[in-house]
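Data block below; observations after.
Note that this is a predicted model, so its numbers are computed, not measured.
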Amino acid sequence: MRDNNVISDAVIKRMPKYYSQLKLLDEKGVSKVSSSTLANMLGITASQVRQDFYNFGGFGQQGYGYDVKNLKKEITQILGLDQTYNMIVVGAGHIGRALAGYVGFAKEGFEIKAMFDINVTDSEYNGVPIYHTSQLEKYLSENKIDFAVIATQASAAIEVANEIVKLGIKNIWNFAPIDIKVPGDVVIENISMSESLFVLSYRAKNRN
């Protein structure tokens with residue numbers, strides 16, 4: 001396996017797509033899959049599939065295809081899905097509640113343990129307790145949390161990010177409509193739903 005520092009973001013972003021397709025194939029009882037079949041599923045070339053897998057050791061023997069279960073297991077480990085993660089959500093509005101209500105996260109090992117908001121109107125949502133943000137420090141000191149999700153308004157997101165990093169959080173999934181950057185070895189994935197919608201709008205306008 002190559003050094004993670006030299007594996008491109010494009011390759012890393014394709015790995016979850018491979019995982020999803022392999023999961024579907026495994027559920028259908030498919031035992032072998034070729035690079036060409038995977039390429040068609042993802043809309044890329046078979047050569048690209050082989051190059052992507054080469055970054056992590058190859059996984060197969062040319063001409064024989066890939067064993068679906070083994071390949072899924074390998075990619076599960078690459079993505080860190082062979083363990084469970086505890087998460088909190090800061091921001092208990094519509095987006096935060098939608099994330100807390102999605103059962104798919106728990107099935108993949110991502111468990112939302114608590115939500116926090118500056119205005120607490122309910123004590124829980126979908127079984128997830130909701131606390132005032134003033135209780136963040138106490139909660140994080142008493143509970144092992146791996147990931148924090150920021151689902152606040154843009155105006156509060158950076159302050160929230162700085163606060164949770166100060167409290168020891170090193171992994172942030174940001175849904176606030178602003179890109180967040182913090183110093184140090186903190187991993188941040190900024191998700192812009194508006195930008196994604198604008199890309200869809202562009203493609204729809206320029207379909208022909």
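Ring centroids of Y85 and W173 are separated by 6.0 Å or more, keeping the two rings apart.
Linking ILVMFWY residues whenever their side-chain heavy atoms come closer than 4.5 Å, directly or via other members, places V33 and L79 in the same cluster. Tracing side-chain contacts under 4.5 Å through hydrophobic residues (I, L, V, M, F, W, Y), one reaches V128 starting from F147; they form part of the same cluster. In the hydrophobic clustering of ILVMFWY residues, with side-chain heavy atoms under 4.5 Å counting as a link, I180 and F116 come out together. Under a hydrophobic-cluster definition in which Ile, Leu, Val, Met, Phe, Trp and Tyr are linked whenever side-chain heavy atoms come within less than 4.5 Å, directly or via other members, M115 and I172 are assigned to different clusters. In the hydrophobic clustering of ILVMFWY residues, with side-chain heavy atoms under 4.5 Å counting as a link, F105 and Y125 come out together.
Here CG of D26 is found 8.5 Å from CG of L22. Values are rounded to the nearest 0.5 Å. Rounded to the nearest 0.5 angstrom, Q21 CD and L24 CG are separated by 5.5 Å. We find the CG-CD1 distance between L140 and I88 to be 4.5 Å, quoted to the nearest 0.5 Å. Of the inter-residue distances, the one linking I75 atom CD1 with K17 atom NZ reads 13.0 Å to the nearest 0.5 angstrom. Summarising the geometry, atom NZ belonging to K69 is positioned 11.0 Å from atom CG belonging to L25; distances are rounded to the nearest 0.5 Å. In this structure, the separation between CG on L81 and CE on M15 is 10.5 Å, given to the nearest 0.5 Å.
Scanning all heavy atoms of the two residues, the minimum distance from N86 to K144 falls at ND2-O, 3.1 Å. Considering every non-hydrogen atom in both V165 and V186, the closest pair reads CG1-CG2, 3.8 Å. Here the closest non-hydrogen pair linking A151 and V89 is CB-CG1, 4.3 Å. When all heavy atoms of M87 and V149 are compared, the closest pair comes out as CE-CG2, 3.4 Å. Looking at every heavy atom in both residues, Y131 comes nearest to A114 through CE1-CB, 3.7 Å. The minimum heavy-atom distance linking A92 with I130 is given by the pair CB-CG2, 4.2 Å.
Between the side chains of Q51 and N55, not a single donor N or O lies within less than 3.5 Å of an accepting N or O. For the 3.5 Å distance criterion, the side chains of S141 and E137 fail to qualify, holding no donor opposite an acceptor.
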Could you go through the side-chain contact (heavy atoms from CB on, under 4.5 Å) check for F175 and I150 one step at a time? CA-CA 6 Å; F175 280 82; I150 296 179; over 6 Å; no
What's the verdict on side-chain contact (heavy atoms from CB on, under 4.5 Å) for R14 and I44, showing C-alpha distance, side-chain angles and the deciding distance? CA-CA 10 Å; R14 279 193 291 272; I44 57 178; 4.0 Å; yes
Decide side-chain contact (heavy atoms from CB on, under 4.5 Å) for Y139 and I145; before the verdict, give the C-alpha distance in whole Å, the side-chain angles of both, and the deciding distance to 0.1 Å. CA-CA 9 Å; Y139 184 90; I145 297 298; 4.0 Å; yes
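The backbone N or O of P16 sits less than 3.5 Å from a side-chain atom of S20, completing a donor-acceptor pair.
Between N171 and I188 the shortest side-chain heavy-atom distance does not fall below 4.5 Å. The closest side-chain heavy-atom distance from I7 to F56 is below 4.5 Å. Side-chain atoms of S35 and Y66, non-hydrogen and from C-beta on, do get closer than 4.5 Å to each other. With contacts defined as side-chain heavy-atom distances shorter than 4.5 Å, the pair D67/S31 does not qualify. Between D52 and Y18 the shortest side-chain heavy-atom distance falls below 4.5 Å. Residues V187 and K170 are not in side-chain contact: their nearest non-hydrogen atoms beyond the backbone lie 4.5 Å or more apart. A heavy-atom distance below 4.5 Å is not found between the side chains of D117 and H132. Considering only heavy atoms from C-beta on, F53 comes within 4.5 Å of L38 through its side chain.
Heavy-atom neighbours of K73 NZ from other residues, nucleotides or ligands within 6.0 Å: at or below the threshold of 12. Within a 6.0 Å radius of CD in E142, more than 12 heavy atoms belonging to other residues, nucleotides or ligands are found. Other residues, nucleotides and ligands contribute more than 12 heavy atoms inside 6.0 Å of the NZ atom of K32. Heavy-atom contacts from other residues, nucleotides or ligands closer than 6.0 Å to CD of Q153 number 12 or fewer.
For R97 and D122, the salt-bridge test passes: some basic side-chain N is under 4.0 Å from an acidic carboxylate O. By the 4.0 Å N-to-carboxylate-O rule, E108 lies close enough to K23 to be salt-bridged with it. Remark: K113 engages E111 in a salt bridge, criterion side-chain N to carboxylate O under 4.0 Å.
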